[in-house]
2 protein chains.
Amino acid sequence: MENPTPASWESLPSWLLTQTAGHAHRLVFDGFASVGARGYHYRLLATLAEFGPASQAALGRRSGIHVSDMVATINELADEGLVERAPDPADRRRNVISMTTAGKRQLRRLEKELAETQERLLEPLSTEERQRLTELLSTLLDHHNRRTGAPEEPWR
Amino acid sequence: MENPTPASWESLPSWLLTQTAGHAHRLVFDGFASVGARGYHYRLLATLAEFGPASQAALGRRSGIHVSDMVATINELADEGLVERAPDPADRRRNVISMTTAGKRQLRRLEKELAETQERLLEPLSTEERQRLTELLSTLLDHHNRRTGAPEEPWR
DNA sequence: TCGAATCGTTGGGCGCACTAACGATCGTGC
DNA sequence: GCACGATCGTTAGTGCGCCCAACGATTCGA
């Protein structure tokens, strides 16, 4: 007799969205944790794989990871031997970050884990429903990214 | 020339979900902030309005707010004169929390703000699309709430 | 009646995102 | 040439939402 009626806000789109995202976050987090990593680790490794070695600032811009968090993220990955930090001979302010072989291996593990997580997340939805959801969310995300300055717009 | 290609993970459902939820959260947060409140304040006031006065523990169960955060939330609302904390004569472990007239007024403001926020959040979607999105998210949320022990299941 | 359960409270932690400030370095306009 | 502004890496600290552990006080149940 403690929780008979659902709370009034539980049907609001903003609630559905943030709560579902909470579940998604937990699933992703647990998946990464099972391979000894967390979100920022994956994003950094994936960015390195996609764009190649780069300075910390550039990696921050491309991955959406804040520069000040980038420091710790790289420290952690470097301690595990997954990335390497080397001074840039062409610009002594910069470090050049690159992925090691172990880093590439770890990235593959994380991608596999992440793919399985998508499956767990969308489990109750049919293929068409998944497609539809993805489209709707993309529309929403694009809209708000444009309104709120996209994750990345270095020039202006 | 900094961000030509979108990152590889940006089309993943989990990413779309958590990012969109981030925007939703910010919109809700800003809306509440414009009335001098935050999420927990609204949830507590709404729970009180829906279920009536109750102990802090019961409010925590109904609102999904952790008991230890409940303390601070009630402190803040009580300082503003929006709720009242009185010892329960029937059980000296308990406090009975109730809403003041000012609290009800504030709740109405927050509900108005929240409704406007839903509009801002869903702006680019048609009525049918909003309906569809809500259904899909509800399906997902129900599924995962069941799997992960619902927000509230005091018995068993 | 006495141990187990509940209540309120304090004090911490986490992930993610962000801000402010700093010394070091670079590069451009004058 | 060189001074000033911009950029780079780094440290330190903020905030929300969520959670855990522990505590004294009180109540309940077998």
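Letters A, B, ... are given to chains in the order of the sequence lines, protein chains preceding strands, and every chain is numbered from 1. Atom set for the values below is all heavy atoms of this structure, side chains included, hydrogens, waters and symmetry mates excluded.
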Is the backbone N or O of [Y] less than 3.5 Å from a side-chain atom of [X], with the two atoms forming a donor-acceptor pair by type?
X	Y	answer
A/Ser98	A/Pro53	no
B/Ser55	B/Asn95	no
B/Thr20	B/Leu17	no

Spacing of [X] atom [atom1] relative to [N] atom [atom2], expressed in whole Å:
X	N	atom1	atom2	value
A/Asp88	C/dC26	CG	P	9 Å
A/Leu59	D/dT10	CG	P	12 Å
A/Arg62	D/dC8	CZ	P	11 Å
B/Ile97	C/dG8	CD1	C1'	10 Å
A/Ile74	D/dG9	CD1	P	8 Å
B/Met70	D/dC19	CE	P	13 Å
B/Phe32	D/dG15	CZ	C1'	17 Å
B/Leu27	D/dC16	CG	C1'	16 Å

Residue list, salt bridge (Lys or Arg N to Asp or Glu O under 4.0 Å) with A/Glu84, at least two apart or on another chain: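 A/Glu84: no salt bridge (Lys or Arg N to Asp or Glu O under 4.0 Å) contacts found.
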
For B/Arg38, which residues count as a side-chain hydrogen bond (donor to acceptor under 3.5 Å, both in side chains) partner, sequence neighbours excluded?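 Per chain and number, B/Arg38 pairs via side-chain hydrogen bond (donor to acceptor under 3.5 Å, both in side chains) with B/Glu76.
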
Chi angles and distances behind the side-chain contact (heavy atoms from CB on, under 4.5 Å) call for A/Arg130, A/Glu119: CA-CA 10 Å; A/Arg130 297 177 186 199; A/Glu119 183 49 46; 3.0 Å; yes

Can a side chain N or O of B/Arg85 be found less than 4.0 Å away from OP1 or OP2 on C/dT9?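 For B/Arg85, the contact criterion (side-chain N or O under 4.0 Å from OP1 or OP2 of C/dT9) is met.
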
Reckon A/Asn75 has a side-chain N or O less than 4.0 Å from the OP1 or OP2 of D/dG9?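 A/Asn75 to D/dG9 OP1/OP2: no side-chain N or O under 4.0 Å.
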
Just by protein heavy atoms under 4.0 Å, how would nucleotides 12-25 of chain C read 5' to 3' in B, S and -? ---SSBBB-----B

